[in-house]
Amino acid sequence: MEELNKYSKTITQDPTQPAAQAMLHAAGLSKEDFKKAQVGIASTGWDGNPCNMHLNALAAQLKGLVNKEDLIGLNFYTIGVSDGISMGTSGMRYSLVSREVIADSIETNAGAQFYDGIISIAGCDKNMPGVIMGMARLNRPSLMIYGGTIAPGKYKGETLDVVSAFEALGKKFAGTISDEDFQGVIENACPGAGACGGMYTANTMASAIETLGMSLPYSATNPAVSDDKKRELKEAASAIKNLLKEDIKPSDIMTFKAFENAIRMVIVLGGSTNAVMHLIAMAKTVGVKLSLDDFIRLSESTPMLADFRPSGKYVMEDLHKIGGVPGVMKLMAREGMLHGECMTVTGKSINENIKDLPDLNAGQDIIHPLDNPIKKTGHIRILFGNLASEGAVAKITGKEGERFEGPAKCFDTEQQSIDAMQQKKVKAGDVVVIRFIGPRGAPGMPEMLKPTAVLIGEGLGKDVALITDGRFSGGSHGFVVGHVTPEAQNGGNIALVKDGDIILIDAVKNTIDVLISDEELKTRRDKWTAPPLKVTSGVLYKYAKTVSSASEGCVTDEF
């Protein structure tokens with residue numbers, strides 16, 4: 001018999017572990033079951049979020065399918081944070097922190113219980129990189145199932161998603177939406193289970209991870225509530241059996257070339273800037289050296305082709321209907337933008353996976369041809385300058401323009417900026433600076449979707465730039481620059497900017513500078529002292545004390 005239980009046999013086959021075996025009997029396993037490989041099924045399911053509320057039911061179905069493969073499926077659960085619900089509040093500080101908690105909990109549970117393989121089911125934004133990092137740390141046969149995208153909302157003939165609700169607030173501030181329609185958007189934006197529908201962070205990371213090879217073909221686009229998602233569960237149970245037989249581990253799949261594939265997919269699809277820090281963090285878990293330089297290099301040679309929300313027209317379900325991520329991969333492979341030899345969780349290479357799968361539907365206009373791209377080079381721009389000596393990340397699709405110069409309007413909290421917008425104190429031409437909200441400063445590096453959505457809703461999306469040492473949601477669009485490093489809390493020059501200072505952002509030269517002299521910066525620095533951390537205990541304090549910079553992936557296990 002093949003030894004598929006190379007880890008679990010530590011407790012099931014060792015006669016000096018009678019207590020462990022007694023407890024497994026109590027959990028329902030028979031003596032015959034002790035010979036079988038154990039597969040931990042990690043769900044990020046919880047009731048209070050549409051992205052995650054269906055995941056525990058998927059995990060329960062998956063357990064039965066894993067057992068039919070003559071394996072032992074054992075479900076366990078980890079946390080989640082709803083970015084959409086916590087956005088614009090102090091709760092958003094926990095969002096990026098949740099990535100580390102998820103990774104830690106999967107590593108802890110599966111490591112302590114000696115699971116031979118792991119399947120993780122993930123829904124909201126940080127779930128995907130979190131589960132990949134946890135599985136990769138253990139480096140046992142593993143795969144991820146994406147919980148799937150939400151169906152688009154509809155109201156008065158308009159296609160909606162969660163960002164529509166944020167932007168409706170800006171319209172309310174501007175007086176361009178009635179109370180009835182404001183409420184109508186809120187009630188109809190999110191029709192049921194599934195992650196936010198546009199090419200926001202959840203769908204970005206699901207697409208990147210499928211391209212990386214750590215989830216099955218079509219996992220990223222199979223809708224949350226669909227027969228396709230149910231079929232994926234059956235395929236996943238079969239796939240984990242094969243991974244165990246072939247002893248294919250995350251480190252065999254998550255190679256440097258595989259990460260290049262994932263970065264190119266993010267660029268082609270116009271994905272979230274969050275992918276930069278998440279992919280860097282994921283690479284570190286398997287010892288792959290990935291840096292901002294790789295994003296710069298690949299952005300120069302990869303076009304943005306997809307017309308997705310937030311700046312475009314379509315949602316993820318639309319991509320599923322025309323061929324999904326595999327259809328995009330076939331296009332990329334033909335154009336020399338993909339390392340097709342890379343291994344995947346099917347036990348086959350990308351080229352083998354996509355060989356007999358259909359191309360993108362003829363006549364579709366979601367994915368543009370290479371001779372008519374939305375942007376000839378990547379929309380993710382890595383900027384450097386005296387405001388970001390260690391880098392910043394911008395999302396520039398070209399629709400916002402590629403250069404912005406204007407006076408700074410500085411805020412040390414997100415709420416201060418929202419209040420100023422509501423009071424009409426932010427004007428066309430301004431560069432809004434939101435600082436002290438980085439990984440250590442917030443702590444937790446919250447996303448600034450609410451301010452960007454309010455600007456869009458007020459009609460200022462093309463006329464106001466926004467820079468921050470925090471992050472942006474994949475739902476943000478406009479002339480926005482985040483991940484400014486060093487952050488203000490660590491003495492980065494963003495802390496020294498004053499109202500009225502002229503800031504120049506150039507997404508062609510990839511620069512971001514405050515136009516004052518080095519001497520003036522030094523004078524201000526000599527007078528500056530770092531504020532105390534905003535927290536003194538708990539998980540946010542531990543995070544602030546251990547987290548690396550955004551440019552290094554915001555990991556917490558490099559001391």
Side-chain angles (χ1 to χ4, degrees), residues 51 54-55 58-59 61-62 65-66 119-123 127-128 131-132 142-152 193-200 202-243 248 253 258 261-262 264-266 268-269 271 305-306 308 314-334 338 340 342-362 364 366-367:
C51 310
H54 61 304
L55 301 187
L58 293 179
Q61 294 174 54
L62 180 61
L65 293 166
V66 166
I119 302 175
S120 294
I121 306 179
N127 298 176
M128 273 73 73
V131 302
I132 292 292
S142 304
L143 65 88
M144 187 193 87
I145 295 172
Y146 179 38
T149 184
I150 195 171
C196 302
M199 193 49 65
Y200 311 146
N203 284 327
T204 296
M205 293 313 301
S207 301
I209 289 166
E210 182 178 327
T211 310
L212 186 69
M214 284 299 295
S215 59
L216 295 167
Y218 300 108
S219 181
T221 57
N222 286 333
V225 182
S226 69
D227 290 337
D228 289 331
K229 188 56 68 178
K230 293 177 182 177
R231 279 192 290 273
E232 184 184 340
L233 298 179
K234 186 174 182 180
E235 293 167 0
S238 176
I240 195 68
K241 179 71 170 286
N242 183 63
L243 290 170
I248 298 172
I253 295 170
N261 287 342
R264 284 190 186 274
M265 180 61 76
V266 170
V268 165
L269 295 181
L305 301 177
F308 283 117
Y314 293 101
V315 295
M316 197 64 159
E317 193 171 277
D318 296 318
L319 179 60
H320 186 62
K321 293 173 182 175
I322 65 157
V325 168
V328 181
M329 292 170 80
K330 292 194 78 166
L331 169 65
M332 292 170 65
R334 279 197 305 272
L338 206 65
C342 289
M343 176 60 68
T344 75
V345 292
T346 65
K348 299 177 181 179
S349 70
I350 287 175
N351 282 340
E352 290 173 309
N353 285 345
I354 65 177
K355 179 181 176 183
D356 297 321
L357 297 180
D359 291 309
L360 293 171
N361 292 359
Q364 62 82 28
I366 301 173
I367 308 296

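These numbers come from a predicted model, not from an experiment.
- In this structure a side-chain-to-backbone donor-acceptor pair under 3.5 Å is missing from Q364 to I322.
- By the side chain to side chain contact (heavy atoms under 4.5 Å, CB included) test, A236 is found to be paired with L62, L143, I145, L216, residues two or more places apart in sequence or in another chain being considered.
- Partners of T346 according to the side chain to side chain donor-acceptor pair (under 3.5 Å) rule, which considers only residues two or more places apart in sequence or in another chain, are T344, N353.
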Tabulate below the donor-acceptor pairs under 3.5 Å that side-chain atoms of residues 354-362 make, not counting sequence neighbours, or state none.
residue, atom, partner, partner atom, Å
D359, OD1, R334, NH1, 2.9
N361, ND2, K321, O, 3.2

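- A donor-acceptor pair under 3.5 Å links the side-chain atoms of N203 to the main chain of G197, judged by distance alone.
- Residues satisfying the side chain to side chain contact (heavy atoms under 4.5 Å, CB included) test with I150, not counting sequence neighbours, are C190, P191.
- Shown here are the side chain to side chain donor-acceptor pair (under 3.5 Å) partners of N261, two or more places apart in sequence or in another chain: there are none.
- Every residue meeting the side chain to side chain donor-acceptor pair (under 3.5 Å) condition with H320, not counting sequence neighbours, appears here in chain and number order: T221, D228.
- In terms of the side chain to side chain contact (heavy atoms under 4.5 Å, CB included) criterion, residue partners of A122 (sequence neighbours excluded) are, by chain and number, T44, N127, M128, V131, M144.
- The side chain to side chain contact (heavy atoms under 4.5 Å, CB included) search around S238 returns E69, not counting sequence neighbours.
- Partners of Y314 by side chain to side chain donor-acceptor pair (under 3.5 Å), not counting sequence neighbours, listed by chain and number: D365.
- Taking the salt bridge (Lys or Arg N to Asp or Glu O under 4.0 Å) definition, one finds that K241 meets it with nothing, sequence neighbours left out.
- Side-chain atoms of H54 never come within 3.5 Å of backbone atoms of V225 as a donor-acceptor pair (strictly under, hydrogens ignored).
- No side-chain donor from either of E210 and S219 sits under 3.5 Å from a side-chain acceptor of the other.
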